[in-house]
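The figures that follow rest on heavy atoms only: side chains count, while hydrogens, waters and symmetry mates do not.
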Amino acid sequence: MIPDVTPNGVFYLPPTGWLTSFYNPPMDNISKNIIKYRKLAKLSQEKLAERSEISVGYLSKLERSIIENVSVTVLLRIAKSLDVTLNDLVSNTNKTTEHPRPNQNELNKLLDNMSFQTSEQLSLNIINSIKLLKQ
């Protein structure tokens, strides 16, 4: 394999074989996570791009890890459109992934849209109910 020359003149040999498992740049994680959460949300690239206010071409490049630097603002818009956190988008996808919990997500959304006091009181009631069930 012929090494590439980076703009600063440094040779770069893409990883192959067993080295590939150690080569896991952050953009690769982000790309895989965008695809994973987009598919879980059953969104097309077009729909996610529209919701995130980015072009379909840009999203496609993000998903293929072609773009090396992406702004936090864009990642936040994508995360919001996918109803996940920024941490969900940038975390290592090799970790065991929990199954999506749509009811828990819906409950969190409802609680987030309430006043702090009401949200905390309802949360406490739910916690106490769960503790009673476990007895």
Side-chain angles (χ1 to χ4, degrees):
M1 180 175 287
I2 300 170
D4 292 329
V5 180
T6 63
N8 61 0
V10 176
F11 283 95
Y12 168 71
L13 184 61
T16 58
W18 64 272
L19 288 176
T20 305
S21 63
F22 296 105
Y23 181 74
N24 195 14
M27 202 54 224
D28 191 44
N29 290 340
I30 293 168
S31 298
K32 288 177 183 175
N33 287 337
I34 290 172
I35 294 168
K36 175 178 77 174
Y37 290 116
R38 179 175 61 78
K39 288 183 178 182
L40 282 172
K42 298 180 181 169
L43 292 174
S44 64
Q45 282 185 332
E46 292 78 10
K47 196 64 169 172
L48 178 57
E50 178 184 321
R51 289 182 181 183
S52 303
E53 300 175 11
I54 59 176
S55 72
V56 177
Y58 189 79
L59 177 60
S60 175
K61 288 178 182 178
L62 280 175
E63 288 189 351
R64 292 179 288 144
S65 299
I66 291 174
I67 296 175
E68 294 181 14
N69 294 312
V70 59
S71 73
V72 174
T73 305
V74 169
L75 289 177
L76 284 170
R77 289 196 314 244
I78 293 170
K80 183 177 180 182
S81 298
L82 292 171
D83 198 27
V84 297
T85 66
L86 182 59
N87 190 50
D88 291 332
L89 281 187
V90 300
S91 67
N92 186 345
T93 57
N94 292 332
K95 295 178 184 173
T96 304
T97 307
E98 291 184 20
H99 295 289
R101 299 178 176 176
N103 293 325
Q104 183 178 344
N105 290 339
E106 181 66 23
L107 178 59
N108 286 333
K109 283 184 208 173
L110 291 170
L111 290 169
D112 286 344
N113 290 325
M114 296 178 178
S115 70
F116 177 80
Q117 186 176 2
T118 303
S119 174
E120 283 299 299
Q121 184 59 53
L122 279 172
S123 296
L124 182 60
N125 290 344
I126 292 168
I127 290 168
N128 289 333
S129 297
I130 293 169
K131 287 179 180 178
L132 282 173
L133 287 172
K134 286 188 172 187
Q135 291 181 353

Practice item. Using the side-chain contact (heavy atoms from CB on, under 4.5 Å) rule, take Leu107 and Ile126 through it: C-alpha gap first, then chi angles, then the decisive distance, then the call. Key: CA-CA 11 Å; Leu107 178 59; Ile126 292 168; 3.9 Å; yes

Could you pull out all donor-acceptor pairs under 3.5 Å where a side-chain atom in residues 71-80 meets a protein atom, sequence neighbours excluded?
residue, atom, partner, partner atom, Å
Ser71, OG, Val74, N, 3.1
Arg77, NE, Ser52, O, 2.8
Arg77, NH2, Glu53, O, 3.4

Point to revise | Leu40 vs Leu82, side-chain contact (heavy atoms from CB on, under 4.5 Å): CA-CA, chis, key distance, verdict | key: CA-CA 9 Å; Leu40 282 172; Leu82 292 171; over 6 Å; no

Practice item. Report the distance from atom CG of Leu111 to atom CD of Glu120, rounding to the nearest 0.5 Å. Key: 9.0 Å

Check your understanding: Do Thr85 and Asp88 have side-chain N/O donor and acceptor atoms under 3.5 Å apart?
Key -> yes

Check your understanding: For the side chain of Ser119 and the backbone of Met114, is there at least one donor-acceptor N/O pair under 3.5 Å apart?
Key -> no

Review point. Is atom CD of Glu46 surrounded by more than 12 heavy atoms (other residues, nucleotides or ligands) closer than 6.0 Å?
Key: yes

**Study point:** Under 3.5 Å: donor-acceptor pair, side chain of Asp28, backbone of Ser65
**Key:** no

Check your understanding: Can Ile34 and Leu48 be said to form a side-chain contact (heavy atoms from CB on, under 4.5 Å), step by step?
Key -> CA-CA 10 Å; Ile34 290 172; Leu48 178 57; 4.1 Å; yes

Check your understanding: Taking a hydrophobic cluster as the set of Ile, Leu, Val, Met, Phe, Trp and Tyr residues connected by side-chain heavy atoms closer than 4.5 Å, whether directly or through intermediates, do Leu43 and Leu86 fall within one such cluster?
Key -> yes

Review point. Ion pair present between Arg38 and Glu63, side-chain N to carboxylate O less than 4.0 angstrom?
Key: yes

Atom pairs and distances, side-chain donor-acceptor, residues 54-62, under 3.5 Å, sequence neighbours left out:
residue, atom, partner, partner atom, Å
Ser55, OG, Tyr58, N, 3.0
Ser60, OG, Arg64, NE, 3.2
Ser60, OG, Arg64, NH2, 3.2

Point to revise | Check against side-chain contact (heavy atoms from CB on, under 4.5 Å), Val90 and Asn33 | key: CA-CA 7 Å; Val90 300; Asn33 287 337; 5.9 Å; no

Check your understanding: Same hydrophobic cluster for Phe116 and Leu110, using side-chain heavy-atom links shorter than 4.5 Å among ILVMFWY?
Key -> no

